[in-house]
Amino acid sequence: MPVSSFAPTALLVTGGAGFIGSNFINRFIPLNPGCRVVNLDALTYAGNLKNLTAVEKNPAYRFVKGNIGDSSLVAAILAEEKIDAVIHFAAESHVDRSISGPEIFVRTNVLGTQILLEESRKHWQSGQVSEFRYYQISTDEVYGSLGETGYFTEETPLAPNSPYSASKTGADLLVRAYNETFGMPTIISRCSNNYGPYHFPEKLIPLLIANIIAKKPLPVYGDGKNVRDWLHVKDHAAAIECILKGAMPGSVYNIGGNNEWKNIDIVNLVCDLLDVRLGLKPGDNRKLITFVKDRPGHDRRYAIDASRLKAELVWSPAYTFETGIAETIDWYLANQEWVADVTSGSYLDYYQKQYGGKA
Ligand code: NAD
Ligand code: TYD
């Protein structure tokens with residue numbers, strides 16, 4: 001596929017106070033001084049403005065607390081800021097929560113996306129900006145589950161298994177439809193599991209680190225042999241910038257780093273790395289491992305073929321897993337206050353102190 005050379009001047013990032021969105025903004029702003037960034041985030045349990053202290057005083061950055069489902073707010077931001085690219089990260093993102101309460105996943109991930117798409121369409125068609133992109137941050141989970149072999153390509157049929165992945169698939173199909181029906185310049189990327197700083201400790205890797213520090217059990221679902229393909233969040237952030245600028249409207253890119261791990265092997269690795277850092281005997285942390293009942297509908301294996309992205313847009317991951325996981329563990333050890341804050345919910349007060357409003 002040919003490539004584009006889009007130079008955004010005003011980005012609307014949704015969900016920028018979450019894990020991947022905040023890593024994206026923290027990286028993008030210093031590298032792109034000619035572009036303003038507006039972060040629209042509802043600050044749910046997963047959104048934390050402390051992730052953004054590095055950019056909060058930068059004149060190129062503006063935070064708006066609000067919901068992607070608020071069409072008049074979205075319309076006002078698009079018009080006032082002359083937004084020429086929307087990058088849509090905001091979502092309910094945790095599979096286990098989607099099993100215990102799917103409704104908010106449909107509301108946020110499907111209906112929220114449709115409202116954002118519709119306001120983006122009106123803004124784009126109003127001709128207020130000369131070029132426009134709507135960029136949907138999706139996931140490899142829309143492809144369902146793999147057996148022992150093979151990879152997800154961009155042509156793999158969508159076959160989601162969890163309410164989370166079903167809601168993300170619904171959103172992807174709406175994005176596709178806005179491109180087909182209205183000719184809206186949309187892009188979709190589908191990334192594998194991310195890890196790195198500011199990852200909410202309900203997800204596997206930060207949960208392991210936080211539980212080891214707290215000497216709590218390490219729950220391993222089922223037989224622990226489910227496979228995930230891990231990518232450092234900063235490599236994902238770099239890929240998103242590359243795709244935003246280079247992808248042709250209507251295109252889809254997979255993002256991944258060829259880094260498959262069985263869950264139990266990750267658990268053992270994190271235990272061993274933390275044995276050393278906490279001055280424990282080899283094997284001490286592994287004693288915390290507890291096999292628990294499997295997640296219903298648990299996808300067996302994810303593995304991404306990112307060769308289209310690598311060939312067309314010349315992206316490749318900068319992190320090896322060895323460096324990335326060591327750096328991540330060190331970040332969590334150095335930022336235990338952040339973990340304590342997000343697990344207690346006290347970070348919600350930060351918004352009031354910073355912005356004087358009600359979180
Ligand atoms: P996250 O849960 O850490 O953050 C989500 C953010 O969205 C939070 O800041 C939250 O406050 C905000 N938000 C939620 N509902 C909102 C609403 N209605 N209006 C405005 N803001 C709202 O999620 P994440 O892990 O950073 O994931 C970001 C995106 O990347 C998601 O779309 C997810 O599906 C996708 N993704 C995640 C991974 C991963 O490994 N985490 C992998 C591939 C794709
Ligand atoms: P998770 O981080 O929730 O990401 P996803 O479900 O989107 O892949 O889980 C990663 C893998 O780890 C997944 O196979 C489920 C498993 N898992 C556990 O075994 N124990 C846990 O406590 C959690 C949160 C996940």
Side-chain angles (χ1 to χ4, degrees), residues 13-24 39-49 51-52 64-70 73-74 87-99 104-105 107-109 111-113 115-116 136-142 145 161-162 164-165 167-168 171-172 189-196 198-208 210-211 217-233 236-237 240 254-256 261-264 266-267 289-295 297-302 304 342 348 359:
V13 170
T14 70
F19 167 46
I20 306 175
S22 62
N23 275 286
F24 173 80
N39 173 15
L40 173 65
D41 197 297
L43 298 182
T44 69
Y45 80 95
N48 183 357
L49 290 176
N51 302 0
L52 293 154
V64 178
K65 181 177 186 282
N67 200 301
I68 52 164
D70 182 343
L73 175 64
V74 171
I87 309 188
H88 181 31
F89 292 91
E92 288 295 329
S93 67
H94 190 39
V95 174
D96 293 328
R97 285 181 188 254
S98 82
I99 295 167
I104 185 71
F105 284 74
R107 208 175 282 288
T108 298
N109 300 358
L111 288 174
T113 297
I115 289 165
L116 197 62
Q136 179 76 11
I137 303 299
S138 185
T139 162
D140 61 355
E141 302 193 24
V142 297
S145 183
N161 293 315
S162 71
Y164 163 68
S165 54
S167 67
K168 292 294 292 184
D172 280 16
S189 64
R190 299 185 177 131
C191 190
S192 57
N193 287 60
N194 285 211
Y195 70 98
Y198 303 120
H199 203 182
F200 198 87
E202 65 186 353
K203 309 278 171 61
L204 180 67
I205 290 180
L207 179 101
L208 293 171
N211 282 15
L218 308 176
V220 176
Y221 299 165
D223 65 2
K225 292 185 181 153
N226 298 65
V227 172
R228 296 293 182 265
D229 188 354
W230 294 94
L231 183 73
H232 196 283
V233 65
H236 187 190
I240 291 169
N254 281 350
I255 309 173
W261 285 78
K262 286 195 179 83
N263 290 339
I264 189 64
I266 292 264
V267 176
I289 295 172
T290 312
F291 285 89
V292 298
K293 199 161 162 272
D294 207 357
R295 171 190 281 173
H298 195 176
D299 286 337
R300 192 62 175 171
R301 175 171 167 260
Y302 301 147
I304 274 275
V342 300
L348 296 170

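Ligands are counted one by one from 1 in listed order, and the atoms in each one are counted from 1 as well.
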Please check this pair: side chain of Ser192 against backbone of Asp229, looking for a donor-acceptor N/O pair closer than 3.5 Å.
yes
Heavy atoms, side chains only, cut-off 4.5 Å: are Asn263 and Tyr221 in contact?
no
The salt bridge (Lys or Arg N to Asp or Glu O under 4.0 Å) partners of Asp294 (sequence neighbours excluded) come to none
query: Below 4.5 Å, heavy atoms only, C-beta onward: do Asn48 and Tyr198 meet side chain to side chain?
result: no
Sorted by chain and residue number, the residues with a non-hydrogen atom under 4.0 Å of ligand 1 are Gly15, Ala17, Gly18, Phe19, Ile20, Asp41, Ala42, Leu43, Thr44, Ala46, Gly47, Gly66, Asn67, Ile68, Phe89, Ala90, Ala91, Ser93, Thr108, Ile137, Ser138, Thr139, Tyr164, Lys168, Cys191, Ser192, Asn193, Asn194
Check: If you measure only the distance, is there a donor-acceptor pair under 3.5 Å linking the side chains of Asn109 and Ser167?
Finding: yes
Could you list each nitrogen or oxygen of ligand 2 that sits under 3.5 Å from a protein nitrogen or oxygen, with the atom names and the distance?
residue, atom, partner, partner atom, Å
ligand 2, 2 (O), Leu204, N, 2.9
ligand 2, 3 (O), Arg295, NH2, 3.1
ligand 2, 4 (O), Asn193, ND2, 3.4
ligand 2, 6 (O), Arg295, NH1, 2.5
ligand 2, 6 (O), Arg295, NH2, 3.3
ligand 2, 7 (O), Glu141, OE2, 2.6
ligand 2, 8 (O), Asn193, ND2, 2.9
ligand 2, 8 (O), Arg228, NE, 2.7
ligand 2, 12 (O), Asn263, ND2, 3.4
ligand 2, 14 (O), Arg228, NH2, 3.3
ligand 2, 14 (O), Asn263, ND2, 2.8
ligand 2, 14 (O), His298, NE2, 2.7
ligand 2, 19 (O), Tyr221, N, 2.9
ligand 2, 20 (N), Pro219, O, 2.8
ligand 2, 22 (O), Pro219, O, 3.4

Sorted by chain and number, sequence neighbours left out, salt bridge (Lys or Arg N to Asp or Glu O under 4.0 Å) with Arg301 holds for Glu260
Of Val13, Ile68, Asn23, the one forming a side-chain contact (heavy atoms from CB on, under 4.5 Å) with Phe89 is Val13
message = Between Asp223 and Arg300 (salt bridge meaning N to carboxylate O under 4.0 Å), is one present in this structure?
response = yes
(message) Within the structure provided, determine whether Glu92 and Thr44 are in side-chain contact (heavy-atom separation under 4.5 Å).
(response) yes
